[in-house]
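Below: one structure, written as structure tokens.
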Amino acid sequence: MSSLTATVRDQPAMPGLAASDSPRTMGQALPVFLRHGSPRILLVLCAASLIWRAKLGGFSWWDILPVVGILAIWPIQEWMIHVFILHFKPIRLGRRTIDFRVPKKHREHHSDPWNYDILFIPMQSFLYSVPLVAAVWYAVMPTTELAWTGITAHLLLSLHYEWIHYMVHTRYTPTTRYYQRLWKNHRLHHFKNEKFWYGVTRLEGDWLLRTQPAAKEVPLSPTAKSLLGQAA
């Protein structure tokens, strides 16, 4: 990992926060993570969902089904959200430009990748994403108990996503091989070429959809920080 560290770890950002402003150790990173709204909301939702699922009872081997299901679709979901929602480009219709708040914020994140204040899930998205997640699980599961197993697993994976995404944008370097791979994949997306390496917590989507080439085969993109075809 040393060669990658040398090339992307302390790359200068656009005007804003620099790499040197971010936490370096786990002890520094965790309190900063917990100060932000999205992690706090997800922690509360995860705790409430776990408590409610325990209260419902009725656990069986069937509870493995929604857990395996969300683990199976998560990398594809992550890839599709990243490609089609976060990297959505404004559409011009006559004098009007169609754009959305979430991709706007993601473009800000690419332009200022060390600014951890703008990298978390937008707060307003919880207003529609949480009811949507609950509705989907109720629709696909035959019982309330299994639906809440799926909802709980989904929320826990979302919290994991927030932590991994945040961690990659600090100076803290993971020590396990799995998390080092995630670290490398997302750093390449930001600092090498924004058209590849869309996975954040799972890499199977990149592998299946062929967006995980060898880094040496991909040219350095001049638009990795702008996303709109203008070199930064």
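This structure is a prediction, so every number in the text was calculated from the model and none was measured.
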Checklist entry - Going through the checks in order, is the side-chain contact (heavy atoms from CB on, under 4.5 Å) test met by Thr211 and Trp197? => result CA-CA 6 Å; Thr211 52; Trp197 306 294; over 6 Å; no
Checklist entry - If you measure from OH on Tyr161 to CH2 on Trp74, what distance do you get to the nearest 0.5 Å? => result 9.0 Å
Next on the checklist: Testing the 3.5 Å rule here: is there a donor-acceptor pair between the side chains of His160 and His165?
Outcome noted: no
Item to check | Same apolar cluster: Leu159 and Ile151, side chain cutoff 4.5 Å | outcome: yes
Checklist entry - Is a side-chain N or O of Arg187 found less than 3.5 angstrom from the main chain of Val168, in a donor-acceptor match? => result yes
Item to check | Validation row: Leu188, Asn193 side chains within 4.5 angstrom (heavy atoms) | outcome: no
Next on the checklist: Show the nearest heavy-atom pair for residues Lys195 and Ser221, with the distance to one decimal.
Outcome noted: NZ-OG, 4.4 Å
Next on the checklist: Restricting to non-hydrogen atoms, name the atom on Val102 and the atom on Gln124 that form the minimum distance, rounded to 0.1 Å.
Outcome noted: CG2-NE2, 4.5 Å
Next on the checklist: With heavy-atom distances below 4.5 Å as the criterion, would you say the side chains of Arg24 and Thr170 are in contact?
Outcome noted: no
Checklist entry - Is the closest side-chain heavy-atom distance between Pro103 and Leu86 below 4.5 Å? => result no
Next on the checklist: What I'd like to find out is whether the side chain of Phe196 reaches to under 4.5 Å of the side chain of Gln212, using heavy atoms alone.
Outcome noted: no
Checklist entry - About how many Å separate OG1 of Thr223 and CD of Glu194, when rounded to the nearest 0.5 Å? => result 3.5 Å
Item to check | Side chain Gln180, main chain Pro174, donor-acceptor under 3.5 Å | outcome: yes
Next on the checklist: Strictly below 4.0 Å, N to O, side chains only: are Arg92 and Asp99 in salt-bridge contact?
Outcome noted: no
Checklist outcome for this item: Heavy-atom nearest pair, Val200 first then His82, reads CG2-ND1, 4.4 Å
Item to check | Closest non-hydrogen atom pair between Pro75 and Gly205, with its separation | outcome: CB-N, 3.6 Å
Next on the checklist: I'd like to know if Met26 and Met167 are part of one continuous hydrophobic network [Ile/Leu/Val/Met/Phe/Trp/Tyr, side-chain heavy atoms within less than 4.5 Å].
Outcome noted: yes
Checklist entry - Would you say Tyr179 and Ile164 make side-chain contact, with heavy atoms under 4.5 Å? => result yes
Checklist entry - Should the ring pair His169 and His186 be called parallel, tilted or perpendicular, given that the plane angle runs from 0 to 90° and is split at 30 and 60? => result perpendicular
Next on the checklist: Other members of the hydrophobic cluster containing Trp207, with the 4.5 Å side-chain heavy-atom rule, please.
Outcome noted: Ile76, Trp79, Met80, Val83, Phe84, Tyr198, Leu208, Leu209
Item to check | Audit row: Asp112, Lys225, salt bridge (Lys or Arg N to Asp or Glu O under 4.0 Å) steps and yes/no | outcome: CA-CA 8 Å; Asp112 195 3; Lys225 289 184 179 178; over 6 Å; no
Item to check | Contact summary for Phe88 and Arg107, nearest pair of heavy atoms | outcome: O-NH1, 3.2 Å
Next on the checklist: Would you call the rings of His189 and His106 parallel, tilted or perpendicular, taking 30° and 60° as the class edges?
Outcome noted: tilted
Next on the checklist: Are Val68 and Ile70 linked, directly or through intermediate hydrophobic residues, by side-chain heavy-atom contacts shorter than 4.5 Å (ILVMFWY only)?
Outcome noted: no
Next on the checklist: Quick check: closest heavy atoms across Thr149 and Arg53, and the distance to 0.1 Å?
Outcome noted: OG1-NE, 2.7 Å
Checklist outcome for this item: Rounding to 0.5 Å, atoms CD1 (Ile73) and NE2 (His154) come to a distance of 7.0 Å
Checklist entry - Parallel under 30°, tilted from 30 to 60°, perpendicular over 60°: which one fits the rings of His110 and His190? => result parallel
